[in-house]
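Below you'll find the structure, written out as structure tokens, and then a few comments.
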Amino acid sequence: MSRPRPARPEDGLAWITGASSGIGRQLALELVERGWTVVATARREAELAALAAEAKGRVIAAPADVTDAQAVSAAVHRAQTETGRPIALAVLNAGTYIHDSAQRFDLDAFSRQVRVNIDGTAIALASVMPAMIARGTGQIAIVSSVAGYRGLPRAIAYSATKAALIAMAESLKFDLDQTGVMINVINPGFVKTPLTDRNDFPMPFLMPVEAAAKRIADGLARGRFEIAFPRRFAAILKLMRILPYALYFPVVGRTTQRR
Ligand SMILES: NC(=O)c1ccc[n+]([C@@H]2O[C@H](COP(=O)([O-])OP(=O)(O)OC[C@H]3O[C@@H](n4cnc5c(N)ncnc54)[C@H](OP(=O)(O)O)[C@@H]3O)[C@@H](O)[C@H]2O)c1
């Protein structure tokens, strides 16, 4: 079995979930620039059709809700059958963030984030991983967040789901390293997208989506396990990760005015 290596456009298709807006959409355009044909999945068909038109035939719209295992598997199957090419690179990016707090805890919102961010990622994973393992090659990248390093304020569900995705990727790596399939975890800081446009708090080191997509594409081609950016913000949050609770709560509470 050969060692996992970054996938290349000649290996097959790239597949991106959550490709109808924000990071996923921009990454699709970036990968097309770099020679890939991209299969784009999300629920909004009109947005996917607009993306496919913009990419002049190099993006294949494959609409599906990531929480629907049958629909995801059918979309993946159709794209591979129609092109006669396997998915060589899968970027599992579909996700959602709903502000929350202990005082306004909403069980439905919590469950929805678990369903999309964790179950949706597992469903997408299950639709490509077995074939990659059987071929002994491929690359899977899970989009988590620096918000998964530790519990952040107003992110009870979001931090929990993103921490779960980091743990999932870490755990997968032990097995996948023996199969020839590469696994990466992508941990962005704040990126300007429709998701963060809803935020009503200061977002340090907010990054344009074009720059974020380039960072991700570069990171995928380089093949390091973690792709985290912007570098300085990620470094600060990594430091928070190793702080003892006695320091973590006052430092983060004070800087985010939650204490
Ligand atoms: N922006 C940031 O600062 C930031 C930072 C760290 C991590 N992230 C992560 O990056 C990923 C993309 O976020 P973004 O900022 O680009 O947000 P966005 O613009 O809101 O994009 C989210 C994407 O996920 C898709 N999606 C949501 N629910 C879905 C479902 N049930 N089935 C299929 N697709 C679904 C949406 O498409 P439809 O609505 O058409 O289904 C959309 O394409 C998320 O996982 C997010 O947590 C973002």
Side-chain angles (χ1 to χ4, degrees), residues 1-19 23-24 27 30-31 34-39 41 66 69 72-73 76-77 79-80 85-95 117-150 159-189 212-229 231 234-235 237-238 241-242:
M1 189 61 57
S2 54
R3 284 185 54 216
R5 63 158 176 81
R8 299 187 282 251
E10 56 271 28
D11 297 335
L13 306 166
W15 179 42
I16 304 175
T17 67
I23 293 172
L27 181 62
E30 184 64 36
L31 291 182
R34 297 177 189 219
W36 286 92
T37 297
V38 177
V39 180
T41 290
V66 290
V72 170
S73 153
V76 164
H77 182 73
Q80 295 186 116
R85 306 185 71 202
I87 285 168
L89 167 65
V91 183
L92 313 184
N93 162 78
N117 297 359
I118 303 181
D119 295 349
T121 301
I123 283 169
L125 182 72
S127 72
V128 290
M129 190 165 60
M132 286 185 182
I133 291 174
R135 291 200 311 277
T137 180
Q139 183 176 13
I140 298 168
I142 292 178
V143 178
S144 177
S145 166
V146 293
Y149 289 163
R150 283 196 98 153
S159 276
T161 61
K162 293 299 181 176
L165 292 181
I166 294 172
M168 244 171 92
E170 288 171 354
S171 185
L172 281 163
K173 183 164 165 58
F174 291 103
D175 294 338
L176 289 178
D177 275 355
Q178 292 163 35
T179 68
V181 178
M182 172 165 279
I183 177 89
N184 311 101
V185 66
I186 301 171
N187 291 325
K214 281 191 198 308
R215 284 287 178 84
I216 293 173
D218 288 348
L220 290 172
R222 204 170 295 132
R224 276 207 208 114
F225 174 65
E226 186 188 20
I227 301 164
F229 59 85
R231 225 166 270 143
L237 285 162
K238 271 180 206 272
R241 187 158 60 169
I242 56 166

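Side chains included, hydrogens not; waters and symmetry mates left out as well; all remaining heavy atoms used.
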[X] side-chain N/O to [Y] backbone N/O, donor-acceptor pair under 3.5 Å:
X: Thr137; Y: Gly180; answer: no
X: Asn93; Y: Thr17; answer: yes
X: Ser144; Y: Lys162; answer: yes
X: Gln139; Y: Leu220; answer: yes

**Item:** Salt-bridge present (Asp218, Arg34; N to O < 4.0 Å)
**Value:** yes
- Query: Is the shortest side-chain N to carboxylate O distance from Arg5 to Asp11 below 4.0 Å?
  - Reply: yes
message = For a side-chain contact (heavy atoms from CB on, under 4.5 Å) check, start with the C-alpha distance between Ile142 and Ile166, then their side-chain angles and the critical distance, and finish with the verdict.
response = CA-CA 8 Å; Ile142 292 178; Ile166 294 172; over 6 Å; no
[X] versus [Y], closest heavy-atom pair with distance:
X: Ala90; Y: Val128; result: CB-CG2, 4.0 Å
X: Ser159; Y: Ala147; result: OG-O, 2.7 Å
X: Ile123; Y: Ala69; result: CG2-CA, 3.5 Å
X: Ala88; Y: Trp36; result: CB-CZ3, 4.3 Å
X: Gly136; Y: Ser2; result: O-OG, 4.4 Å
X: Ala79; Y: Leu13; result: O-CD1, 4.1 Å

Nearest 0.5 Å, what's the [atom1]-[atom2] distance between [X] and [Y]?
X: Ile118; Y: Thr161; atom1: CD1; atom2: OG1; value: 5.5 Å
X: Leu92; Y: Ile186; atom1: CG; atom2: CD1; value: 9.0 Å
X: Ile140; Y: Met129; atom1: CD1; atom2: CE; value: 6.0 Å
X: Ile183; Y: Leu176; atom1: CD1; atom2: CG; value: 6.0 Å
X: Arg150; Y: Ile242; atom1: CZ; atom2: CD1; value: 9.5 Å
X: Gln80; Y: Ile87; atom1: CD; atom2: CD1; value: 4.0 Å

Quick one: does [X]'s side chain get under 4.5 Å of [Y]'s, heavy atoms only?
X: Ile16; Y: Leu31; result: yes
X: Ile23; Y: Val143; result: no
X: Leu172; Y: Leu125; result: yes
X: Val76; Y: Val39; result: no
X: Val185; Y: Lys173; result: no
X: Val181; Y: Pro4; result: no
X: Glu170; Y: Phe225; result: yes

Got a sec: does the NZ of Lys238 have more than 12 other heavy atoms crowding it under 6.0 Å?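 Above 12, so yes.
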Counting heavy atoms not belonging to Arg224, are there more than 12 under 6.0 Å from its CZ?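 It does not: Arg224 CZ has 12 such atoms or fewer within range.
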